[in-house]
2 protein chains.
Amino acid sequence: MSIRKNTQPRIRRTPEESRANILASAERLLTEQGPQTLRLADVAKEAGVANATVLHHFGTIDGVHTALMERMIAELVEKVMAIELTEDTEVSRAQALTTLFEAFEQKQASKLAAWLELTHQAGRLTNVRQVVRDVTRTKFHHQNVPEDVVEDVMLVCITLALGVGLFGQTLSEMLGKPPSRAKEMALSVLMLGLRQLEAERKG
Amino acid sequence: MSIRKNTQPRIRRTPEESRANILASAERLLTEQGPQTLRLADVAKEAGVANATVLHHFGTIDGVHTALMERMIAELVEKVMAIELTEDTEVSRAQALTTLFEAFEQKQASKLAAWLELTHQAGRLTNVRQVVRDVTRTKFHHQNVPEDVVEDVMLVCITLALGVGLFGQTLSEMLGKPPSRAKEMALSVLMLGLRQLEAERKG
DNA sequence: TTTCTTATCGACATTTTTGTCAGTAGCGCT
DNA sequence: AGCGCTACTGACAAAAATGTCGATAAGAAA
């Protein structure tokens with residue numbers, strides 16, 4: 001006489017699918033609830049699996065954290081590298097900047113960056129320099145501007161994009177303005193500032 | 001026959017001193033080790049007191065968090081309000097911006113802000129709007145610029161200051177540049193951009 | 001000195017979170 | 001159908017973190 005536990009039928013995924021499912025849930029938690037909800041039980045529940053299943057695929061909860069960081073970093077890098085800047089007109093530059101801002105906003109890449117910074121894990125971003133170098137060469141090589149000037153400019157753009165991505169919406173709303181106001185203002189100031197910087201270099 | 005435990009002599013502080021000591025330790029932990037080290041045992045150890053002592057003064061570990069947030073917020077507000085901008089020349093404006101950047105950098109105010117944002121506690125910053133209003137009125141009332149334009153400008157400045165404060169150093173170093181490079185570049189671009197914005201408004 | 005208040009502490013209790021393990025069940029293969 | 005592999009699970013164990021409590025001692029006041 002066997003006792004029949006009324007459990008749900010199991011969903012059996014490929015290891016890749018299962019890992020992807022768990023990481024997607026973790027990412028949702030990170031961006032919607034904050035890093036402190038990235039606990040074993042929370043992640044497992046969000047993913048709809050048992051705690052032990054998470055550990056089966058990632059070893060420890062820290063393994064989940066690491067894998068999540070790497071996944072999000074890869075996503076972001078891909079997005080940034082995909083930004084088009086074939087010709088450097090005002091219009092195309094504005095578009096590129098807008099895309100950059102959105103890359104740091106969507107998928108909460110800025111939150112990831114802040115998380116890394118606060119947890120002193122920014123060292124994981126080992127390829128930032130390489131990415132910036134690649135972008136400098138591939139997108140700006142047709143300009144006659146020294147590479148380290150381009151890098152300095154990208155430094156400001158990224159810093160501002162991160163600031164806007166992380167704080168823009170909250171700050172805008174705190175001041176009783178539409179949530180995209182910070183982004184818009186940042187874009188304006190950046191465009192004008194960069195134009196002037198360029199003019200100064202030439203003049 | 002009494003057993004003499006070899007314990008350190010107790011340090012007895014006033015409640016205010018004790019709270020201050022604990023909060024200072026917590027702040028040190030937050031900025032040097034990250035938010036996840038703001039645990040009861042960590043804070044107590046850093047402050048050199050027993051766990052129970054921390055709870056005696058703050059009730060729960062969350063009480064410590066709250067008190068710390070409030071303390072750091074008050075500090076920051078004080079610093080921002082102290083920024084001088086009597087006359088709006090290029091030089092005085094540059095000084096004011098530099099001071100603003102440093103206010104968000106020192107004492108790790110940007111880390112506090114990121115912590116609040118990530119933990120969805122930004123609502124604690126209830127007086128941001130009031131501070132911005134006050135600054136607008138007291139520091140800019142001599143200008144003939146509409147108040148909400150001033151507010152928009154301050155929005156960009158704060159966003160950028162937060163971005164620089166949180167990510168500036170790390171990003172600069174990742175690109176193989178001196179740690180203050182992001183701040184310097186941000187200042188340049190901001191100054192030029194604001195000047196242009198002003199010119200456009202007038203023209 | 002003696003008394004009183006209370007900041008402080010160690011020991012313990014409770015709760016939360018992580019990790020282990022042996023057995024179960026889905027699925028492809030023969 | 002039967003077999004083998006392994007993703008999956010619940011139950012349990014271990015560790016970590018928070019919080020409670022009675023006793024102690026530092027300092028002020030009588």
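Residue numbering restarts at 1 for every chain, and letters A, B, ... go by the order of the sequence lines. Nothing here was measured: the structure is a model prediction, and the numbers come from that model. Values below: every heavy atom of this structure, side chains too, minus hydrogens, waters and symmetry copies.
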* B:Ser110 side chain to B:Glu105 side chain, donor-acceptor N/O pair below 3.5 angstrom -> no
Collect all protein-nucleotide pairs involving nucleotides 5-7 of chain C in which both atoms are nitrogen or oxygen and the distance is under 3.5 Å.
residue : atom : partner : partner atom : Å
C:dT6   : O4'  : B:Arg12 : NH2          : 3.4
C:dT6   : O2   : B:Arg12 : NH1          : 3.1
C:dT6   : O2   : B:Arg12 : NH2          : 3.1
C:dA7   : OP2  : B:His56 : NE2          : 2.7
C:dA7   : O3'  : B:Arg13 : O            : 3.4

* Nearest-0.5 Å distance, OG1 of residue A:Thr31 to CD of residue A:Gln106 -> 12.5 Å
* **Electrostatic pair B:Arg93-B:Glu198, nearest N-O below 4.0 angstrom** => yes
* Atom-pair distance (CZ on B:Phe58; P on C:dT8), nearest Å -> 11 Å
* What's the CG-P distance between B:Asn51 and C:dC9, to the nearest Å? -> 10 Å
* To do: Nearest 0.5 Å please: distance from the CD atom of A:Gln95 over to the CG atom of A:Leu187.
  => 11.0 Å
* To do: Calculate the interatomic distance between B:Glu17 atom CD and C:dT8 atom C1'; express it in whole Å.
  => 14 Å
* **Rounded distance in Å - CG (A:Leu55) to P (D:dT9)** => 12 Å
* Between B:Ala52 and B:Arg39, who's closer to the 5' end of DNA chain D by nearest nucleotide? -> B:Arg39
* To do: Before accepting this row, confirm whether a basic side-chain N of the pair B:Lys177/A:Glu151 lies closer than 4.0 Å to the acidic partner's carboxylate O.
  => yes
* Structure fact -> From CD of A:Gln36 across to P of D:dA16 the rounded distance in Å is 21 Å
* Write down the distance between CG (B:Leu40) and P (C:dT16), rounded to a whole number of angstrom. => 15 Å
* **Between D:dT18 (P) and B:Lys45 (NZ): distance, integer Å** => 15 Å
* Asked: Nearest to the side chain of A:Ile61, which nucleotide is it out of C:dG19, D:dG19, C:dG10?
  -> C:dG19
* Pair A:Thr66, A:Arg124: side-chain N/O donor-acceptor within cut-off below 3.5 Å -> yes
